[in-house]
Amino acid sequence: MAVSFFSTASFHSLLFHISKQSIFSLSDPRLSTISYLCFSQAASCSTSSTTRSSSSSRFRTHTFFSTGVQVQRKHEFSHGAVAAVAMAGGMDVSHYGGEETGGMMGRCSHRPEMLSKVAYIPPSWASHLQLVPSHFFSLGQFPTPIHQWHLPGLPDGTEVYVKRDDLTGMQLSGNKVRKLEFLLADAKEQGADCVITIGGIQSNHCRATAVAARYIGLDSYLILRTNRTEVEDDPGLTGNLLVERMVGAHVSLVSKEEYVKYGSVMLGNLLADKLKSQGRKPYVIPVGGSDSLGTWGYIEFVRELKTQLQEGRTSGVTHFDDIVMACGSGGTTAGLSLAAHLSKLDAQVHAYAVCDSEEYFYDYTQGLIDGLIGGVSSREIVRIVNAKGLGYAMSTSAELNLVKDVAESTGIILDPVYSGKALNGMLKDMAENPTKWEGKKVLFVHTGGLLGMYEKVVQLQPLVGKWERLRIPEFAMQPDDTKG
Ligand SMILES: *Cc1c(COP(=O)(O)O)cnc(C)c1O
């Protein structure tokens with residue numbers, strides 16, 4: 001068994017290459033000395049132990065990695081515990097980041113290589129949860145930046161900051177990437193050769209799924225809900241559809257009536273059965289990627305945020321009083337509010353619902369929390385507020401005007417379906433109850449969705465101006481750039 005070890009003080013990291021068939025343990029409270037035991041997976045224990053000195057005494061690292069089926073932890077780690085285990089076969093890299101102090105191999109300061117599949121270790125405050133994912137794919141650009149957002153008309157002393165989850169990627173932009181990192185790793189673990197998912201005709205989730213699946217070599221089948229009048233026609237290339245169809249996603253259209261009648265689960269299973277009968281191995285991802293596994297994406301988000309706060313990468317803010325986001329299928333809300341609670345972030349989480357009702361989302365997020373045995377009531381950890389306006393994906397001109405004004409005054413483009421409505425809801429709340437928000441430091445999570453704006457061009461057209469035909473006077477000089 002080949003073991004090589006090195007430590008880089010700059011990254012405060014440890015890397016071990018061990019054989020693929022091993023469970024590896026590292027245990028030493030101070031890490032001035034490391035001892036380890038290696039077991040063969042076949043349980044015929046070949047035991048060896050060695051001590052090596054480490055240049056870093058900051059770590060407490062006690063982790064076991066196996067070939068992916070099991071990840072065990074023996075000791076609670078408390079300080080920037082950082083370890084990475086690279087399987088000698090070069091197939092798999094395991095890592096986790098220490099959220100307490102300066103963990104550098106986690107989501108934040110040092111991400112695994114893009115598209116690598118990595119063993120996952122949860123933050124210590126979430127390690128008691130159920131359904132801890134064994135792996136994730138590194139797909140997104142993390143950590144996403146946080147900066148102040150000078151929105152017009154805020155209550156006295158209220159400061160709003162924005163966490164740019166719209167910058168998780170280009171084709172992959174938005175909040176769904178965080179969930180897909182876990183969901184697609186599971187799809188691969190289960191030997192899938194394609195994924196199925198379902199959503200509205202401009203679903204950001206379906207687009208992100210199509211791109212991410214293609215990145216890692218899986219085909220994608222998207223069930224998209226549209227109007228009865230359009231369900232028989234080519235869906236075109238507007239917005240998210242352009243990206244989906246460019247990356248070769250198979251699009252199946254259903255009408256809104258069919259969607260309501262049969263439900264997303266049955267429609268997904270229907271397509272799955274059809275593909276199975278053709279010899280395919282589909283993996284079905286639920287609407288919005290919002291199942292208990294996908295929820296881990298926003299548990300990780302909170303670990304990332306805490307690290308950014310500790311590292312002082314939050315525009316000088318050390319604590320946020322409120323966190324605001326849009327709620328569409330509920331996974332983001334469930335993960336973020338559960339993790340904020342477990343990690344004692346001490347921030348009020350507000351989720352502005354863009355469809356269904358408050359009751360629906362309290363119950364839905366409760367189901368996700370219960371799936372992880374989170375042991376807390378959704379009503380205690382998040383405030384869900386109705387912000388759906390005319391209905392899902394339908395925009396009032398006031399909402400679009402707000403999105404346009406905010407873009408024009410701050411450069412940040414929200415989306416019409418989610419973050420635009422969430423901001424509208426938050427600002428309405430601030431206008432109606434200014435004292436509740438005065439003096440607060442508020443973090444708004446920009447969950448992405450720019451491509452959905454393309455569907456609103458007709459409605460947006462009258463709101464944008466500032467164009468003219470450049471008039472070139474008669475006496476203009478000779479052309480000075482013949483190449484251009
Ligand atoms: C899906 C989505 C949301 C909502 O997240 P959920 O986890 O589905 O509640 C918010 N914003 C954008 C841009 C989205 O695409």
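Every number for a ligand or one of its atoms is a count from 1 in the order of the listing. Since we're looking at a predicted model, the values are computed, not measured.
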Donor-acceptor pair between Asn433 and Asp429 side chains, under 3.5 angstrom:
yes

Kindly print each ligand 1 N/O atom paired with any protein N/O atom under 3.5 angstrom away, one pair per line, or none if nothing qualifies.
unit_1: ligand 1; atom_1: 5 (O); unit_2: Asn175; atom_2: ND2; d: 2.9
unit_1: ligand 1; atom_1: 5 (O); unit_2: Thr332; atom_2: OG1; d: 3.3
unit_1: ligand 1; atom_1: 7 (O); unit_2: Lys179; atom_2: NZ; d: 2.5
unit_1: ligand 1; atom_1: 7 (O); unit_2: Gly331; atom_2: N; d: 3.4
unit_1: ligand 1; atom_1: 7 (O); unit_2: Thr332; atom_2: N; d: 2.9
unit_1: ligand 1; atom_1: 7 (O); unit_2: Thr332; atom_2: OG1; d: 2.6
unit_1: ligand 1; atom_1: 8 (O); unit_2: Ser329; atom_2: N; d: 2.8
unit_1: ligand 1; atom_1: 8 (O); unit_2: Ser329; atom_2: OG; d: 2.4
unit_1: ligand 1; atom_1: 9 (O); unit_2: Gly328; atom_2: N; d: 2.8
unit_1: ligand 1; atom_1: 9 (O); unit_2: Ser329; atom_2: N; d: 3.0
unit_1: ligand 1; atom_1: 9 (O); unit_2: Gly330; atom_2: N; d: 2.8
unit_1: ligand 1; atom_1: 11 (N); unit_2: Thr447; atom_2: OG1; d: 2.6
unit_1: ligand 1; atom_1: 15 (O); unit_2: Lys176; atom_2: NZ; d: 2.9
unit_1: ligand 1; atom_1: 15 (O); unit_2: Asn204; atom_2: ND2; d: 2.9

Which of these, His147, Gln308, His446, sits in a side-chain hydrogen bond (donor to acceptor under 3.5 Å, both in side chains) with Lys163?
Gln308

Ser329 versus His205, side-chain donor and acceptor atoms under 3.5 Å:
no

Distance-only donor-acceptor check, side chains Asn240 and Glu244, under 3.5 Å
no

Residues Tyr298 and Asp165: side-chain donor-acceptor under 3.5 angstrom:
yes

Side chain to side chain donor-acceptor pair (under 3.5 Å) pairs, two or more places apart, involving residues 316-325:
Asp322-His350

